[in-house]
Amino acid sequence: MSALKNDLLLRALRGETTERVPVWMMRQAGRYLPDYIKLREKYSFFERCMNPELATEITVMPVHQVGVDAAIIFSDILVVPQAMGMEVQLIEKIGPVLPDPVKSAADLKKLCVPDVKDTLNYVFEALALTKKTLAGAVPLIGFAGAPWTLLCYMVQGKGSKTFDAAKAFCYQQPEVAHQLLQMITDTTIAYLKEQVKAGADCIQLFDSWGGLLSPQDFENFSLQYMRQIVAALKDVCPVTVFAKGAWFALEEMAATGANCLGVDWCIQPARARQFAGDNITLQGNFDPAKLLAPIPEIKKAVKEMLGGFGKHRYIANLGHGILPNVPVDHARAFIDTVKEF
C-alpha cells in the first residue's frame, strides 16, 4: 500500500498541527461534475454504485478535477437497508423510493442483520480498487448513514422534509423502532469495520435527519445508537459524526469519543467550538447554496469561515452536500481559497 503523500486530513482528525487547513466537500464525487453526468446518462444509480470500476472512477474524479484533500467512496447510505432485505429504488430527480416500508413488528421478520462480506462486497471491492488507484495521493473516506436516518427512509418509504410517518412509528411502536434501530446499528458496525479493512483511512457517519428530533428524542432514537458505532470504530480508525441540524447536541456528540464533528451552516464557528470543546476537530460549514454566488463573494465568505474556525483542529467542508447546479469553477474556487489561506 502506498504511503500517503497528502495526510493533512488524517492529521487534522488526530488533532495534530497542519501546515494548512485540509478541505473536501460532501457529495464531491458526483452530480455537479460534467464527467459524472456523462456516466449518469449511461448507467443507473445502483449500476454506478455496484460496479467497482465505475465507483472508483467517480470517487477519484474530484481529486484530479477540483483538488480536494481526500476522496470519499462513491456509494449511498441506502445500500444498508438494501443489504438487510429491503427493496430500494433511486429514481433520478425524485430520489429514494422503498416500495415496501416497515410498518409493524411483522415487517421486521422480512429483514435481517446480513453477512456484509456477502451482501455489500461490491463496496469493499470499490474501496480496494480506489485505494490502489489513488496510489497514496490523498486519504480515502468510507461512510454510512446513522441508524435514525436509515429508519426514516425504511419507515417513510421515501424522502420527506418532516419524516412524520417515521416519527409517528417511533412514538406509537417504540419497542419495534428500537429493535429496528439495533438491527441497523449491528449491520452498520460490521459494514464500517469491513470498509476499513478494504482500504478506508477514516469513516464518516451521516445523520442527515437528526435535526428533526427534539434533544430528548435525539438521545433516545439517534445518539445512543451512534454512540455504539463510534465505540466500535474509534480504536480502528478516525471517526467523524455529522448530524445535520443537531447543533444542540454538539457537546453530547463530542463525548462519544469521535475524532471530529461535522457542523452545518446554521451555527457560528465560535458557538460550535464552545459547545463541542477544544478536544475535538470540527468540520464544515459553508452553505452549499453559497457556491452559486459570484466567485469573489465565495472567496470572501470562505475566508470569513476560515477566520471563524481558526487553523487548529479544523477541516474545511460544506455544511451539507454540494448541489448539482454548482459550476465546477465555483467548487474549485472554494477549494483553492482554503488552500491559499
Of W209, F221, W148, the residue whose pairing with F163 passes ring pair (Phe, Tyr, Trp, His ring centres under 6.0 Å):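 Passing option: W209.
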
Side chain to side chain contact (heavy atoms under 4.5 Å, CB included) assessment of M305 paired with F334: CA-CA 11 Å; M305 173 183 82; F334 171 79; 4.1 Å; yes

Does any N or O in the side chain of [X] come within less than 3.5 Å of the main-chain N or O of [Y], such that one atom is a donor and the other an acceptor?
X    : Y    : answer
Q173 : K103 : yes
R27  : R31  : no
Q283 : L261 : no
D107 : S104 : yes
Q195 : L192 : no
T18  : L8   : no
T187 : V113 : no
E16  : L10  : no
D7   : P139 : no
Y36  : Y32  : no

Minimum heavy-atom separation for [X] to [Y], with atom names?
X    : Y    : answer
V230 : G257 : CG1-C, 3.8 Å
Y122 : C49  : CD1-O, 3.5 Å
N285 : V263 : CB-O, 3.2 Å
V88  : P81  : CG2-CB, 4.4 Å
A83  : T119 : CB-OG1, 3.5 Å
L306 : V338 : CD1-CA, 3.9 Å

So, are [X] and [Y] salt-bridged, with charged N and O less than 4.0 Å apart?
X    : Y    : answer
R227 : E219 : yes
R48  : D76  : no
D329 : R332 : no
E297 : K300 : no
K303 : E340 : no
D217 : K167 : no
K339 : D336 : no

Working for side-chain hydrogen bond (donor to acceptor under 3.5 Å, both in side chains), residues T133 and T56: CA-CA 8 Å; T133 306; T56 296; 5.1 Å; no

Member of L13, L9, L134, L140 meeting the side chain to side chain contact (heavy atoms under 4.5 Å, CB included) criterion with D201: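 Only one of L13, L9, L134, L140 forms a side chain to side chain contact (heavy atoms under 4.5 Å, CB included) with D201, namely L140.
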
Beyond-backbone contact of [X] with [Y], side-chain heavy atoms, under 4.5 angstrom:
X    : Y    : result
V123 : Y191 : yes
M183 : M154 : no
M50  : Q82  : yes
T185 : I229 : yes
F46  : V79  : yes
F248 : F218 : yes
T281 : I315 : yes
Q65  : L33  : yes

Exercise: do N6 and D69 side chains pair donor with acceptor under 3.5 Å: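 Yes, a side-chain donor-acceptor pair sits under 3.5 Å.
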
To the nearest 0.5 Å, how far apart are [atom1] in [X] and [atom2] in [Y]?
X    : Y    : atom1 : atom2 : answer
C266 : D287 : SG    : CG    : 7.5 Å
R273 : I267 : CZ    : CD1   : 11.5 Å
K38  : D35  : NZ    : CG    : 4.5 Å
Y43  : I58  : OH    : CD1   : 9.5 Å
L291 : H330 : CG    : NE2   : 8.5 Å
L151 : L180 : CG    : CG    : 5.0 Å

For [X], does the [atom1] atom have more than 12 heavy-atom neighbours from other residues, nucleotides or ligands under 6.0 Å away?
X    : atom1 : answer
K132 : NZ    : no
R271 : CZ    : no
E251 : CD    : no
K5   : NZ    : yes

Worked check of side chain to side chain contact (heavy atoms under 4.5 Å, CB included) between L129 and E125: CA-CA 6 Å; L129 183 58; E125 283 182 25; over 6 Å; no

Evaluation steps, side chain to side chain contact (heavy atoms under 4.5 Å, CB included), between E87 and D100: CA-CA 7 Å; E87 184 189 347; D100 191 15; 5.9 Å; no

CA sep, side-chain torsions, deciding dist, call: F143, F242, ring pair (Phe, Tyr, Trp, His ring centres under 6.0 Å): CA-CA 11 Å; F143 73 91; F242 172 62; over 10 Å; no

Pair T149-D207, side-chain hydrogen bond (donor to acceptor under 3.5 Å, both in side chains): steps then yes or no: CA-CA 6 Å; T149 286; D207 195 8; 2.6 Å; yes

Check against side chain to side chain contact (heavy atoms under 4.5 Å, CB included), R11 and E19: CA-CA 10 Å; R11 281 158 53 206; E19 319 65 272; 2.3 Å; yes

Trace of the side-chain hydrogen bond (donor to acceptor under 3.5 Å, both in side chains) decision for N220 with Q216: CA-CA 6 Å; N220 191 21; Q216 192 178 353; over 6 Å; no

From CA spacing to verdict: salt bridge (Lys or Arg N to Asp or Glu O under 4.0 Å), K299, E304: CA-CA 9 Å; K299 290 183 168 182; E304 280 170 15; over 6 Å; no

Same apolar cluster: I91 and I37, side chain cutoff 4.5 Å: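 In one cluster: no.
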
M26 reachable from F45 in the ILVMFWY side-chain graph, under 4.5 Å edges: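 Yes.
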
